[in-house]
Each structure stands twice: as C-alpha cells, then as structure tokens.
Amino acid sequence: MSKNYSRKGTIERLMRKSIVLLLLLFFGASPVAAQTKPAPAETPGGAYYEFMMGLQLETQGGGPGAASAYQRAENLDPTSAEIPAALAELYARLNRPTDAVAAGERAVKANASNPEANWILGSLYARMSEMPATRPADRRTYTERAIANLEKANRNAHPSVPTMLGRLYIADSQFDKAIALLLPFVNDEPDQVEAVAMLAEAYQATDRDAEAIALLEKSVQDAPELFSTLGQVYQDAGRWSDAARAFAGAVEERPQSLPLRSQWATALLNVGDPQRARDVLEEGSAGNSRNQRALYLLSEAQRRTRDFAAAEVTARRLIALDSRALAGPRQLAQIFLDQDEHQKIVALLEPIVTARLGAVDASDLSSDTFRAAYFDLASAYEKLRQFDKAITMLRQARTLSPTDPLVEIRLARSQQEAGKGADAIKTLQAAVTKFPKEPAVKLALASTLEGEGKYGDAEAVFRQLIADDPKNPDPLNSLAYMLAERGQKLDDAVSLVQRALAIDPGNGAYLDTLGWAYYKQNRIEQAEAPLREAAGKLPGVSVIQDHFGDVLNKRGSLEEAIAAWQRALDGDGDAISRSVIDDKIKSARQRLGRKK
C-alpha cells in the first residue's frame, strides 16, 4: 500500500513527532540511531520517513536539511506527487524559483490532477507572471500555465485560489470566466475587497457598467476602501459628479493620500468646480509636493480660478521637477494663452520645438505630447499672425513624421487660418489619397470645405463618410451641426444627430447639436433639455454655454441665461464672439432691471 504524503495531513502531527524525538534524545538515542529504526531506505517506508523528517526540519527552520530529506524521499518514491510538491513549496520560500518550478513540474507529471501540486505550481507561475522584470512573451506563457494549474487546485484547502485565479483571468482578458468565478465567491464572502474590485473590473470590461456600479455602491457601505474604485468606475462612465462624491469618500478614509486627492480634484475640474478642486489639493499640500500630476492639477485649478500668478508659480515648479517633460511647458503656455500673451508662448515653446525637431529624435517625433506642444506653438504663431512660421514649422514636422495624418490636418488648418483655403483643401485632398483609411482626414476635408463656403462639396464628403461607416457618429454629428448652423434641412439634422446619439449616448457635443437643431426649428422647449445636459457635461466649452444661454433667454430665464453666457466668456473661447455675448448679457440685464 502506498503512503499518504499529504503535507497538510502530516504537519498537524509534527508536534507529537517532536515529542517522540525529544524522548529519544532524553534516553540517549542519537538522531542517527533514530533515523535507522524505520524500514530500509530503499523501501516505500523509508521514503515516508524521509518525507516526515523533511517536514520536521522545515518546521524547525532547517531549510537546506529539509530540502535534502525531501530529495531523498523523492528518489526513494519517484511516483509520489506530494513529495516534490512539498519540495517546490519549500524552494519557493527559500527564494529558489527555478528549483521550485522544476519540483512543481515533477509533482504534476507524477499526478496531473493532484490538487496540492497544482496549487503550488500555479502559485509559482502566477508569481512569475506578475514580476515586473518578466518579458511580455514569458508573462503570457506563465499566465496560461498558472491558470491551467490553479483550475485544478483545491479551493477549500487554499481560500486564496478564487482571487488569484480571478486576477489571472482578468490579466488574460478572460472576463466571462472571471465573472463566473468571482460572482459566487463575492456573494459568499462580500468582505473580500480585492475580489469585489476585480469583479467590478470584469463587469466594466464586458460593458456591464451598471452592474459594476451597483456592486460597488453596495460594497462601499461595509468596505469604504472601495470608494476609490467606485470613483474610477464613475469616472470611466463620464459620471463626474458621482465620481467626485466617491473620491471624497476615499479621501475621508485616507486624508493624507495625495493621489486620491488628485483623482478627486480631476473629477471636480470636470464638473466645473475649480475652486473646490484647488482647496482639495492645497489641503493636501500639493504645491509643496514632488508629485507631477498633483502639481499639474493644482496649476490647472489655479488657472481656472483665474489666479494666473499662482498658476504660473506652480507650473514652473512642475517644469523644475523634470526639464525634459512637456506637461509643465504646455501648462504654462495655456496660462499665457488665457492672458492673450502669445509672444510669451512663442518665447517658451519655440526653443523646445526647434531643438527637438532639429535633433530628429524618434521618441520625440512619435510622442503625442510633443506633437501637442508644437501644435500649441502653431496656434501662438497664428494669433500673432505669423502664419508663415506656423506653416514652415508644420511642413518640417510633416517631413519628419510622414506617417502622421494629424500633422497634415493641422497644417491644413494653419493654411486656412492664413487665408489660403485652396492650399488647405489641396493638402487634405492629398492626405486623403495618402491615408485612405483615416476617416479623420476626410472629416477634416469636409470641415475645411464647409469653412470655405463649399457646402455642397462638404455635405458630399460627410455623406460619403456616413456611407463608408454608418456606425461612426462623428460625421453624423458634423453634418447635422453644419445643417443646423445654416438653418437648412433641419429635420434631417435632427435625424442625423439622433443617430449619432444612439451610437454614443450622452455625448455632450452631440447633445449640443440636437438642442441647437431644435432651437433653429423654434422648438425651444425641446431644445432646453439636451442643451442643459450638454452644458453640464462640458462647462468649459464656450459655444455650448452660448447656445444654452440663447435657449434660456428665449424661455425667459434671464438670470440663468446670463450665467450661461458668462461661462461662455470664461470658457475655451472657441467659436464665439465675445463682443456679441457681452451685448447679450447687457441686454438681458437691462430687461431684468425693467422687470424689477
């Protein structure tokens, strides 16, 4: 009969075994003599004895001696899975991963369904898959092996199996398996915070956001450490007000956490409350930190509260932290832009952009952040009416980045700003040929044609884009907005933007188009709801606030209209006339005065 080498079944008897060994020593028997009493070493009984001695030595902290005993036991009984499994676990504790995996593989080879052997080997592979130094190809292999082993492990003996296996399923994008595993586990053990967070992540990955939110809203009552996870889910769903409340709960639990304060501030900025965002960050001493994200957000909150001096000081601290990073210079450029100090933007960004374009650094040229920086410089040149500089720089960037369609689009915009609409159209027509599968280029061509008054040609391009991809909401919305702006085919405009909203529900820009089309149809009551929602979601977009103010004005809500127009003046300033809005505010105030 084969021996039971179960480590769990024998380790509980080791205290009794220790007493036996002590009695032997007390009566003068040497350990060597004690080891020679059992059956001869070449018999199965000898293997069992060595296994027991290995367990004894392991509990006493004698790792190397225990390993030797296990090796002797394995040599005596090579058919056992339990012996190499115990050896693998010991090697893992001794930080000998290669030996641990080899022993684990021998255990599984001896008995592929042995739950203990699969637990140990699966745990080892899981650990290896999560090590930062693991190569991506090896990481995938280790993940697959860990899953295969842990699926055979005994979950009753090892309660951490569901969370470990769930984490691996998510890492391997097996989200349905993760949900099937974690849902009953969380129902049985709702206090398992990691499992709850992973289940929410799996729900999100399978577009089941409502279930993720419901799970977390229920769980935070007893596990407030999940407030940050709930906030992130709200943020991903664009529910910024809810995200702000959730992150507030997270900060209440961990008031010294600057990363959590940064997440809270991000949500507050997105709901249009920069003063509260600033307070949250300053209460966490963000200005004195070396946290780049916190400094950026603090500078942004200071900028939006129009404290430009403080915003500039914070932005310069951000620049000082990392002279190569571009987040600081771009933030400082935005602060200058708000004050119409375009020459300062040029003085700041021109040396950076010139040096990096001249160095032809591949990492810079492929960087979205660097591209954004020289786009900012192009905008400053345009504001100073230095169009030739903008166009020359963008042509140089195009030469160095010939596969980037966004550079073509930005070059065409500069050409159009310079009054060279025909050149802009030619640039984009060539780009359409060069990038035939890039709808953004065709969309830019249509918008440029619209800007040049070629409405029929623009509409044709928009409709071709819609025919090419009826599920792309952008051309649907763009055509709808063009028709609404011109007051033409308004029924068609409403239908088009409703199709866009069916694809991307709740999109603030699309809601603005719908409300504006209703406004142009003189359906003022219907226009208010989508414009109110759009204005709430995009408080910094000036043209949306202007539209909302116009609707409120028509409905006689003059104080609310004035507030919306003021937000338009305080916003990004795009596509509005400040003088026209000033006149609307003045007129509304006069009417209010007459009413009073």
Side-chain angles (χ1 to χ4, degrees), residues 326 329-436 438-455 457-458 461 474 478 482 543 572-577:
L326 291 171
R330 289 203 65 220
Q331 176 64 11
L332 186 53
Q334 184 62 53
I335 294 164
F336 291 151
L337 177 62
D338 286 354
Q339 300 170 84
D340 293 324
E341 294 179 326
H342 307 295
Q343 192 58 57
K344 285 188 176 181
I345 298 174
V346 171
L348 171 70
L349 294 180
E350 191 175 62
I352 297 172
V353 171
T354 301
R356 296 196 185 192
L357 287 177
V360 196
D361 187 327
S363 63
D364 277 338
L365 295 175
S366 61
S367 163
D368 292 345
T369 307
F370 177 55
R371 180 179 60 207
Y374 65 75
F375 282 8
D376 289 344
L377 178 58
S379 296
Y381 283 143
E382 289 162 2
K383 291 291 186 181
L384 294 168
R385 305 197 65 76
Q386 297 176 3
F387 299 112
D388 288 345
K389 282 190 174 183
I391 291 169
T392 299
M393 178 193 66
L394 289 166
R395 280 178 172 158
Q396 181 185 5
R398 178 176 64 176
T399 301
L400 297 173
S401 304
T403 60
D404 189 344
L406 295 181
V407 179
E408 303 277 2
I409 293 169
R410 187 61 185 82
L411 172 60
R413 176 179 150 188
S414 279
Q415 291 170 325
Q416 190 173 25
E417 289 283 333
K420 300 178 180 179
D423 289 349
I425 291 169
K426 287 179 183 178
T427 294
L428 290 168
Q429 286 172 333
V432 167
T433 302
K434 186 177 180 181
F435 303 103
E438 285 290 346
V441 177
K442 292 180 182 177
L443 196 62
L445 174 59
S447 297
T448 303
L449 289 166
E450 177 188 358
E452 293 302 305
K454 299 179 180 294
Y455 301 112
D457 292 340
V461 177
D474 288 337
S478 295
M482 183 184 82
V543 69
D572 58 22
D574 291 341
I576 62 166
S577 167

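- The CD1 atom of I391 sits 8.0 Å away from atom CD of E382, with the distance rounded to the nearest 0.5 Å.
- Residue pairs meeting the ring-ring contact (aromatic ring centres under 6.0 Å, His included) criterion with at least one member in residues 375-409: none, sequence neighbours excluded.
- For R371 against V407, the heavy-atom pair with the smallest separation is CD-CG2, 4.4 Å.
- Taking both residues in full, the closest heavy atoms of L428 and V441 are given as O-CG1, 4.0 Å, listed atom of the first, atom of the second, then distance.
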Trace of the side chain to side chain contact (heavy atoms under 4.5 Å, CB included) decision for I409 with L406: CA-CA 5 Å; I409 293 169; L406 295 181; 4.1 Å; yes
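- The line from NZ of K442 to CD of Q429 is 12.5 Å long, rounded to the nearest 0.5 Å.
- Rounding to the nearest 0.5 Å places CD of E341 at 14.0 Å from NZ of K383.
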Determine whether R410 and S414 satisfy the following criterion, side-chain hydrogen bond (donor to acceptor under 3.5 Å, both in side chains), listing intermediate values before the conclusion. CA-CA 6 Å; R410 187 61 185 82; S414 279; 3.1 Å; yes
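- Annotation for K434 and P402: closest pair NZ-O, 2.8 Å, computed over non-hydrogen atoms.
- Side chain of E408 to main chain of D404: no donor-acceptor pair is present (N/O by atom type, distance under 3.5 Å, no hydrogens or angles).
- For the atom pair CD of Q331 and CG of D376, the computed distance is 10.5 Å after rounding to the nearest 0.5 Å.
- In plain terms, the two heavy atoms of L384 and V346 that are nearest each other are CD1-CG2, 3.7 Å.
- Other residues, nucleotides and ligands contribute at most 12 non-hydrogen atoms within 6.0 Å of the NZ atom of K426.
- Between P351 and L348, the shortest heavy-atom distance links the atoms CD-O, 3.7 Å.
- Residues Y374 and I352 form no side-chain contact, since every pair of their non-hydrogen atoms from C-beta on lies 4.5 Å or further apart.
- No side-chain donor-acceptor contact under 3.5 Å links K344 to the backbone of L332.
- Under the side-chain hydrogen bond (donor to acceptor under 3.5 Å, both in side chains) criterion, E452 pairs with Q416, not counting sequence neighbours.
- Taken from OG1 in T448 to CG in D423, the straight-line distance is 12.0 Å, to the nearest 0.5 Å.
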Side chain to side chain contact (heavy atoms under 4.5 Å, CB included) between S379 and R413: does it pass, once the steps are laid out? CA-CA 10 Å; S379 296; R413 176 179 150 188; 3.8 Å; yes
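- Taking each heavy atom of Q415 and A424 in turn, the nearest pair found is OE1-CA, 3.3 Å.
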Please report the C-alpha distance between H342 and D340 in whole Å, then the side-chain angles of each, then the deciding distance to 0.1 Å, and finally whether the side chain to side chain contact (heavy atoms under 4.5 Å, CB included) criterion is met. CA-CA 6 Å; H342 307 295; D340 293 324; 3.8 Å; yes
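- Between L449 and I425, some side-chain heavy-atom pair lies under the 4.5 Å cut-off.
- Counting only heavy atoms from C-beta outward, the side chains of L443 and S478 approach each other to under 4.5 Å.
- In this structure, L326 CG and T369 OG1 are separated by 6.5 Å, a value rounded to the nearest 0.5 Å.
- With a 4.5 Å cut-off on side-chain heavy atoms, I345 and Q343 do not count as touching.
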